[in-house]
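Heavy atoms only: backbone and side chains are in, while hydrogens, waters and symmetry mates are out.
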Amino acid sequence: MISDPFAAYPGCVVLDGGLATELERRGADLRDPLWSARVLVEDPALIVEVHRAYVEADADVVTGASYQASFEGLAARGFDRAAASRLLVRSVELAREGVGDRRVLVAASVGPYGAVLANGAEYTGEYGLGAPSAARAALRDFHLPRAEVLAAAGGDLLAIETIPSVVEAEALVEVLDALGEVPAWVSFSCRDGAHLHDGTAIEDAVSVVASSPQVVAIGVNCTPPAFVPELIGRARAITETPLVAYPNRGGTWDATAKTWTGDAVPDGFGPLSRDLEDAGARLIGGCCGTGPSDIEAIAATVGR
């Protein structure tokens, strides 16, 4: 029986904001294929500092720094499998340190295959892995070893996030089946108010992951805020699974410079969070471009 990590939260659950964004604001150089995972290696104390800032902003959940960490990416930097596993586990331990004795959940981040490619493919879904059956098998083989380590690392759940394609979603359902009783949320990156980046209708993608008993929330992240209320509304129409929404600020990702530009939330995340709650989201936070002040605004606005 899968336990519901959100059972102790009667209303909306407030997620944290952009980890990489806040690391950069505090001086970290993320111009690296490992992105925020680079800081796991070079300055873990800064990661704890950022987690703590989100806890102090009244987040109910902090997400670890493993989004772009993978055995393949770490091997390219000279880490063998044992050392890479220790870094994945460390991402959860650092989140626990940031939480301290507060009643805050820790989610271990499972980013998409595109994040490891470090070419922006998580915003296109174009992985070049061949026919759907071959791609699904390759993606399952890629995700499972990392997910096994993160599931055993002591977090409260997995945050499977920024998934741009239904084939990857199908592979991740197989991964969750293999893991057993490990709760997870699954959130998609989308190109408009109705479709994932690969063109799949959001309703079809939601149906794929809602079939898994391990999935305790489904939704959208790192998607322009203008699209997210409609996406959540479409998901709400076909599932009773709690919905998760954490938009970015609506900027444009430069995969070469590893930076975001632009801001489509001039009124702040307070009004946006109200729209997301009205659309049916229960878990609400921010993604790239957001920081502790945005999470404070969400926490002060949504019904908890």
Regarding R81 and the six-membered ring of F71, is the cationic atom NZ or CZ under 6.0 Å from the ring centre and inside 45° of its axis?
-> yes
Are the side chain of T21 and the backbone of G289 linked by a donor-acceptor contact shorter than 3.5 Å?
-> yes
Main-chain N/O of T223 paired to R191 side chain as donor or acceptor, under 3.5 Å = no
Would you confirm whether E277, through its side chain, and G303, through its main-chain N or O, come within 3.5 Å as a donor-acceptor pair?
-> yes
Under 4.5 Å between any side-chain heavy atoms of L23 and I47, yes or no?
-> yes
With no hydrogens and no angle check, is any side-chain donor or acceptor of D60 less than 3.5 Å from a backbone partner on V14?
-> yes
Interatomic distance, S187 atom OG to Y246 atom OH [nearest 0.5 angstrom] = 3.0 Å
To the nearest 0.5 Å, atom OG of S165 lies from atom OH of Y113 at 12.0 Å
Separation between CG of L117 and CD of E126, rounded to the nearest 0.5 Å = 11.5 Å
CA sep, side-chain torsions, deciding dist, call: L196, I202, side-chain contact (heavy atoms from CB on, under 4.5 Å) = CA-CA 6 Å; L196 274 59; I202 185 67; 3.8 Å; yes
Does the cation-pi check pass for R103 over Y9, that is, NZ or CZ under 6.0 Å from the six-membered ring centre and within 45° of its axis?
-> yes
Check for a donor-acceptor pair, side chain of Q214 on one end and backbone N or O of V182 on the other, with a separation under 3.5 Å.
-> no
Ignoring hydrogens and angles, tell me if any N or O in the side chain of R249 forms a donor-acceptor pair with the backbone of V265 under 3.5 Å.
-> yes
